[in-house]
Amino acid sequence: MTALFASDHGVNVAQNVGFYIIAAAMLWGAFRVVTTRNVVHAALWLVVVLGGIAAQYILAAAEFVAISQVLVYIGAVMVLFLFGIMLTRATIGEETDVNNQGWAIGIPVGLLMFGVLAYVTLDFTEDATLPEPTDEQITGATMAISDAYLGDYLVPLIAVSFVLLAAAIGAIVLARKD
Amino acid sequence: MSQPSMLLAAEESGHAIGEASGWFLENAWLIPVIPAVAFFLILFFGKKLPRGGSEFGLAAMLGSLVIAAGATWQWISSTTSHYDEAGNYEVEPVIREIVWWQSGPYEFGLGQHIDGLAIMALLLVAFISTLVQLYSTEYVNGDRRYTHYFAALTLFSSGMLAMVLAPDMVQLILGWEIMGLCSFMLIGHWWEEQANSKAALKAFFTVRVGDMGLLVGTAMLLAIFGTLQISEINALAAAGEFDSQNMLMWTAVALFIACIGKSGQFPLHTWLPDAMAGPTPVSSLLHSSTMVVAGVFLVARIYPVFHVGLDINAAGQSVNLIAAIGGITLLVAAALAFVQNDIKKVLAYSTVSQLGYMMMGLGVGAWTGAVFHIFTHAFFKCCLFLAAGSISHTAAHHSFDMKKDMGGIWKKMPVTFGAWMVSTAALMGIPFTAGFFSKDEIIDSAKHFEYTWFYYAGIIGAFMTAAYMTRATYLTFFGKPRGAAAHYMGVEHDTHGEVHEHSAHPDEAEHADGHIPDHTVDAHDDHGHDDDHAHDGHATHGRPLPFAPFDSPWKITAPLIILAALAVGAGYLNAPALKIYWFEHQTESSIGLPIDHGDDHGGEETEEPHGDEEALVVSEVAAGANGPFASAAEGGDHSYEPSGPYAVPAPPVFTWANAAPGLILVALGILVSWFASLAVFARRKNPFSPFVGLTTRSRPIGALHSFLVNKLYLDHLYEKVIVRAVAHPIAKAAYWFNQNVIDGIVNTVGTVTRRLGGWVYRNIDQRVVDGAVNASGTAASESGHALQPVQSGKVNQYGALLFGAAGIGAILLIILNG
Amino acid sequence: MYAFNFLLLSAALFSFGIYGVIARKNAVMVLMSIELILNSVNLNLVAFALMNNSIDGHVFALFVIAIAAAEVGVGLAMVLMIYRNRRSIALDELSEMKG
């Protein structure tokens with residue numbers, strides 16, 4: 001790809017290099033998540049993907065979302081997953097059959113999805129480049145998010161808080177021993 | 001430009017529109033708040049109180065009633081002093097609102113919108129709720145969930161009151177849904193019996209089906225008008241300030257679907273009779289004056305949306321959705337009422353039928369008539385329900401079966417009987433009762449506004465109403481006491497010659513009749529004799545049984561007496577036959593549309609042009625339909641010109657000649673039904689005797705009868721056909737897709753791999769890398785076999801189906817939009 | 001940076017997630033695959049926010065994070081319950097939905 005090092009489109013080379021390195025790590029991580037035979041390894045590979053996503057958020061000038069990603073996903077969700085693995089006494093180590101009998105159908109469906117999405121994306125964006133984030137965008141993002149949450153999105157925010165409450169209660173009710 | 005400009009113009013020119021004011025009007029929002037607070041008090045403290053929380057409920061309803069009465073009084077005093085030269089009683093609604101929540105640019109408020117319509121409904125609901133609470137303290141006394149019953153009843157009233165004074169569609173939905181929830185709790189009050197909990201679920205879900213329409217319609221209102229304020233919606237719709245008539249029409253249709261569900265209109269009426277599973281006071285509250293009226297109320301509340309959206313009263317229109325659904329409902333429900341044995345079910349179908357009248361009235365442009373019918377119907381129907389409850393409570397051992405456990409009790413329960421007769425007369429529309437004035441106005445309007453089909457539907461409905469009510473009255477109060485009633489009357493239950501009255505099904509009853517005609521003749525005389533004898537015996541002995549006092553306790557009879565008095569008296573608020581238009585004047589400013597005083601009843605016709613530019617929008621639209629009309633009006637004749645969807649025509653002038661066909665049919669209905677009842681149930685010989693047992697003798701009539709007994713097979717349709725039709729093909733299609741497509745793909749993958757392996761094996765590599773190829777061929781073959789049995793029930797497969805379908809759908813979209 | 005960078009990366013993650021949901025037998029692994037899908041969507045949202053210079057994408061990404069947390073909590077609780085009842089969390093042994 002010539003665009004990789006070309007800066008004539010207003011493409012920032014360092015940003016691009018960073019993006020591709022992280023993207024490569026993420027893709028390999030994602031590949032391993034869905035192919036490894038070891039459940040714990042799958043969880044650890046997932047950390048690579050989630051961390052990569054957080055890094056991509058920073059590249060996309062979304063610091064607040066990136067921090068939330070690290071806190072919520074890598075901090076909380078991963079711990080939940082590891083607890084889930086331990087409590088269900090999954091084999092720590094390689095398992096013989098981690099896939100369904102019909103696993104092969106996943107390949108064409110996955111490829112079909114990727115094909116459709118890639119086609120649409122390329123068709124839609126063509127050679128468009130992302131604008132460089134402005135200073136104001138970078139420094140003001142968090143403030144803008146808080147304004148949006150306590151303004152236009154107040155009611156959805158309250159609704160989400162109810163969803164979280166319901167999820168907490170639901171999880172307790174489901175997992176309770178009785 | 002004339003009347004249509006009134007709404008907008010009058011305000012500008014600074015005359016005629018009065019300011020309603022007063023403490024009660026300003027604070028009418030307290031009316032639903034008091035019962036809502038009482039609900040929580042009952043819930044938290046009710047069980048600790050000596051009377052189980054019912055005192056809170058009753059006190060709260062009394063408080064609401066007092067405020068509602070005060071508001072009514074202040075409203076009346078402000079309307080009567082404000083009417084303009086044209087005879088329009090225009091009073092500004094009292095709107096107070098606080099912002100409840102806001103999302104983006106939209107604000108949603110809680111508060112009050114007090115105008116004539118709201119005042120009428122508030123007073124009605126508060127009044128009936130109070131009486132029902134009083135009645136309930138006796139009726140459900142000793143019930144195990146006494147406290148919860150009162151909590152739900154109080155919250156229910158609160159929901160209805162909140163809906164009635166909603167200034168905003170959001171509050172309206174809130175009240176609407178509170179009612180839905182409480183009706184579920186109250187109908188399923190005795191949920192230990194499976195039938196009751198099933199009925200509660202049915203009521204809830206059927207109404208929910210319609211509620212989707214309410215949500216969709218409200219969202220569309222927001223999209224069209226950019227506001228959910230009822231007063232603004234009405235003004236904008238009436239002024240024609242919207243982009244697309246088509247869109248408004250679909251909005252009206254969506255909202256009307258909600259009304260069909262809530263008000264038990266034709267295709268979704270099946271829940272209402274089943275909802276009689278609840279305690280009788282609940283039936284009388286929910287299914288006569290509050291919940292089911294909510295749908296009619298919604299149409300009346302945002303009438304301009306429906307009127308303009310559906311082009312009601314437009315020139316040349318002879319049918320529209322609301323009128324058609326109302327007309328069908330009133331006939332179908334009246335027909336269904338004939339074949340019921342349960343007295344409450346007769347009343348339930350009668351309610352459905354009367355709601356059909358109201359909808360039809362709104363559909364033909366008789367807003368005042370329909371709203372007045374809400375008002376009068378509430379009294380007499382509530383009275384009928386409570387009378388039925390009184391009979392069941394006191395005389396029939398809590399049975400509601402007219403054929404098994406009633407009959408002949410009129411002597412023993414004079415108060416109940418009197419109340420029943422008065423209310424029945426009102427329901428039938430006998431002159432000078434309340435029902436006559438309201439129902440006649442609807443029927444008359446249908447004729448006058450040239451909705452001829454609906455005029456016929458109306459008078460045929462009146463005939464049927466008279467007939468089924470006569471049948472119910474006969475079975476309940478006259479004839480020979482049966483079952484529990486016989487016990488109550490202190491009459492030995494005479495089994496001979498009463499076979500037909502024991503059978504639960506009318507088929508069987510008439511079967512017995514029809515089969516032995518000779519016998520019947522003999523039995524007739526015997527029976528008549530016995531009947532007299534029994535009555536004589538009763539008159540002489542006349543002893544009340546220890547457990548059965550003379551009529552019901554005062555807590556039951558007092559509401560009955562009050563309601564019966566109102567069943568007659570309420571009609572005189574708006575009696576066109578006596579040139580009383582008081583009710584109309586109180587409420588007409590709530591229509592939200594200008595009134596086209598064509599053949600004005602008061603003769604106070606004025607055509608003063610207001611000449612206001614503000615009103616141009618209205619006038620231009622209305623002018624076409626209105627222009628020729630003005631000259632006709634000056635001529636003083638009573639011809640009707642459609643005033644178009646932007647103005648409501650004034651109600652027609654009452655003449656006895658116009659009312660006569662309906663009245664004759666009512667009288668005919670009573671007579672026919674009385675003699676038919678005598679012939680069928682008492683086997684008196686009369687001209688109707690040949691018809692006895694017709695359902696078994698004549699195949700088509702028998703088929704009609706079973707068609708009615710099975711409620712038009714609508715339940716079958718819903719439960720068996722639609723649920724199956726929707727659920728089965730989807731399941732089948734999924735199964736087929738699974739078996740053929742997915743298996744096919746997997747098989748193909750396997751086969752191709754195997755063939756490839758085979759091809760490689762045979763043609764190229766057999767000699768070169770024999771061993772390696774052998775191994776791969778075997779592996780491919782095995783994997784092919786392993787992939788073959790893809791069975792259903794696996795989450796992963798559903799995932800594959802879902803994503804595969806989404807991908808294919810996306811490809812289709814890309815190609816289509818290409 | 002080209003606009004399609006983020007979107008293609010997210011499409012790839014999405015497809016891996018789909019493959020994982022379809023192919024994996026272990027319920028916990030299926031949940032991980034679902035996390036992949038959700039994250040790919042989030043990446044898209046943030047990229048769109050950058051593209052359109054609008055904060056709404058961030059807001060929705062945060063909503064999705066919240067919902068995903070709820071989803072994992074409830075999902076793992078269900079997995080635990082299934083495990084307790086059946087001593088296995090292999091999805092191909094669960095065929096109660098078989099129609």
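Naming: A, B, ... by sequence-line order, numbering from 1 per chain. A quick note: this is a predicted structure, and the numbers were derived from the prediction, not measured.
Annotation: A/Trp45, atom CH2; neighbour count of heavy atoms from other residues, nucleotides and ligands within 6.0 Å is above 12. Within 6.0 Å of CE on B/Met247 lie more than 12 heavy atoms contributed by other residues, nucleotides or ligands.
For A/Tyr153, no part lies near chain B; criterion is any non-hydrogen pair under 4.5 Å.
Between A/Val116 and B/Ala810, the shortest heavy-atom contact is CG1-CB, 3.6 Å. For B/Ala806 against A/Met113, the heavy-atom pair with the smallest separation is CB-CE, 3.8 Å. Here the closest non-hydrogen pair linking B/Gly804 and A/Leu112 is O-CD2, 4.0 Å.
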